[in-house]
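Scroll down for the structure; my scribbles are underneath it.
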Amino acid sequence: MVENLLAAAAAAEAAAGHEAAEASAWGFDPGGWVALAMVAVFLIMLRMKVPALIAGALDKQIAGIRQQLDEAANLRKEAEALKAEYEAKMKASDDEATALKAAASREADEIIKQAKVDATALISRREKMAEEKIGAAERRTIEELRAKAAELATVAARGLIAKNHTAAADKALVDEAIAGL
């Protein structure tokens with residue numbers, strides 16, 4: 001767009017047939033006035049100590065950034081310390097879990113061994129009790145058979161005595177028993 005305006009101005013000058021003179025005031029052309037204005041702005045800035053203010057502001061920002069970096073470094077150190085602490089705790093808990101598992105395994109083995117011993121002892125006691133019951137039943141049966149045999153022998157003897165003995169034979173036996181006393 002500026003190029004179009006310059007091109008239009010150049011075409012108008014050529015059409016007018018004369019060259020336009022540059023404006024100047026007090027011996028300064030427009031570039032000189034811009035340079036003079038820039039020098040004035042710089043002098044005002046130096047007089048008001050703007051570079052010192054800018055430097056102070058930058059120093060404050062630098063100090064703030066340093067403080068943030070220090071805080072970040074401290075936080076990182078704390079985080080690393082916490083991480084190390086938790087890793088140590090995890091390792092300790094893993095070791096403790098392993099030890100508990102080993103202890104539980106040993107205790108289970110001991111319980112199994114004791115259960116086998118107890119079961120063997122129980123079986124032995126029960127076998128002994130069964131043998132004793134069988135022996136008692138055998139003795140009882142033998143005693144019952146003897147009692148039955150004695151009872152049958154008594155009945156048979158009574159029958160034989162009643163059949164074969166008379167009152168006279170009984171009297172002779174009684175007299176013989178009395179004489180033997």
Side-chain angles (χ1 to χ4, degrees), residues 1-140:
M1 181 172 173
V2 173
E3 293 173 3
N4 291 338
L5 290 176
L6 290 176
E13 237 179 79
H18 68 287
E19 216 172 282
E22 282 194 29
S24 66
W26 295 316
F28 293 114
D29 62 349
W33 280 106
V34 169
L36 186 64
M38 289 295 291
V39 168
V41 167
F42 283 132
L43 288 175
I44 292 170
M45 287 175 68
L46 286 175
R47 175 85 174 144
M48 297 187 76
K49 300 181 182 181
V50 172
L53 293 174
I54 292 173
L58 290 176
D59 287 344
K60 281 183 183 178
Q61 284 185 342
I62 290 171
I65 291 171
R66 277 198 181 122
Q67 183 181 6
Q68 288 176 351
L69 287 174
D70 291 343
E71 288 175 8
N74 289 336
L75 288 174
R76 181 176 181 171
K77 286 178 186 177
E78 289 176 12
E80 288 174 353
L82 284 174
K83 180 183 174 189
E85 180 182 342
Y86 283 116
E87 285 176 350
K89 284 182 180 180
M90 284 180 56
K91 185 178 183 310
S93 66
D94 286 344
D95 293 345
E96 184 178 345
T98 302
L100 287 174
K101 185 178 177 183
S105 178
R106 284 191 305 271
E107 188 174 337
D109 290 342
E110 290 175 14
I111 289 171
I112 290 171
K113 286 178 186 176
Q114 186 61 40
K116 286 180 181 178
V117 168
D118 291 346
T120 303
L122 179 65
I123 291 170
S124 175
R125 282 194 308 269
R126 295 245 173 130
E127 283 178 354
K128 187 176 179 181
M129 286 174 50
E131 288 173 1
E132 288 175 358
K133 284 183 180 179
I134 292 170
E138 285 177 352
R139 286 189 297 275
R140 199 176 327 112

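If you read the sequence from its start, that first residue is 1, and numbering goes on from there. Since the model is a prediction, treat every value here as computed from it, not as a measurement. The basis for the numbers below is simple: all heavy atoms, side chains too, and nothing from hydrogens, waters or symmetry mates.
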Item to check | side-chain contact (heavy atoms from CB on, under 4.5 Å) partner of Glu87, chosen from Lys83, Lys89, Met90 | outcome: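 Output: one option passes, namely Lys83.
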
Checklist entry - Does Glu107 CD have over 12 foreign heavy atoms under 6.0 Å away? => result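 It does not: Glu107 CD has 12 such atoms or fewer within range.
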
Item to check | Set of salt bridge (Lys or Arg N to Asp or Glu O under 4.0 Å) partners for Arg47, sequence neighbours left out | outcome: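 With sequence neighbours excluded, Arg47 shows a salt bridge (Lys or Arg N to Asp or Glu O under 4.0 Å) to no residue whatsoever.
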
Without placing hydrogens or testing angles, list every side-chain donor-acceptor pair under 3.5 Å for residues 108-137, not counting sequence neighbours.
from: Gln114; atom 1: NE2; to: Asp118; atom 2: OD1; distance (Å): 2.8
from: Thr120; atom 1: OG1; to: Lys116; atom 2: O; distance (Å): 2.8

Checklist entry - In Å, rounded to the nearest 0.5 Å, how long is the span from CG of Leu69 to CD of Glu71? => result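 It is 9.5 Å, given to the nearest 0.5 Å.
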
Checklist entry - Just how far is it from atom CG of Leu82 to atom CG of Leu75, taken to the nearest 0.5 Å? => result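 Reported value, rounded in 0.5 Å steps: 10.5 Å.
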
Under 3.5 Å donor-acceptor pairs involving side-chain atoms of residues 95-104, not counting sequence neighbours:
from: Asp95; atom 1: OD2; to: Lys91; atom 2: NZ; distance (Å): 3.3
from: Thr98; atom 1: OG1; to: Asp94; atom 2: O; distance (Å): 2.8

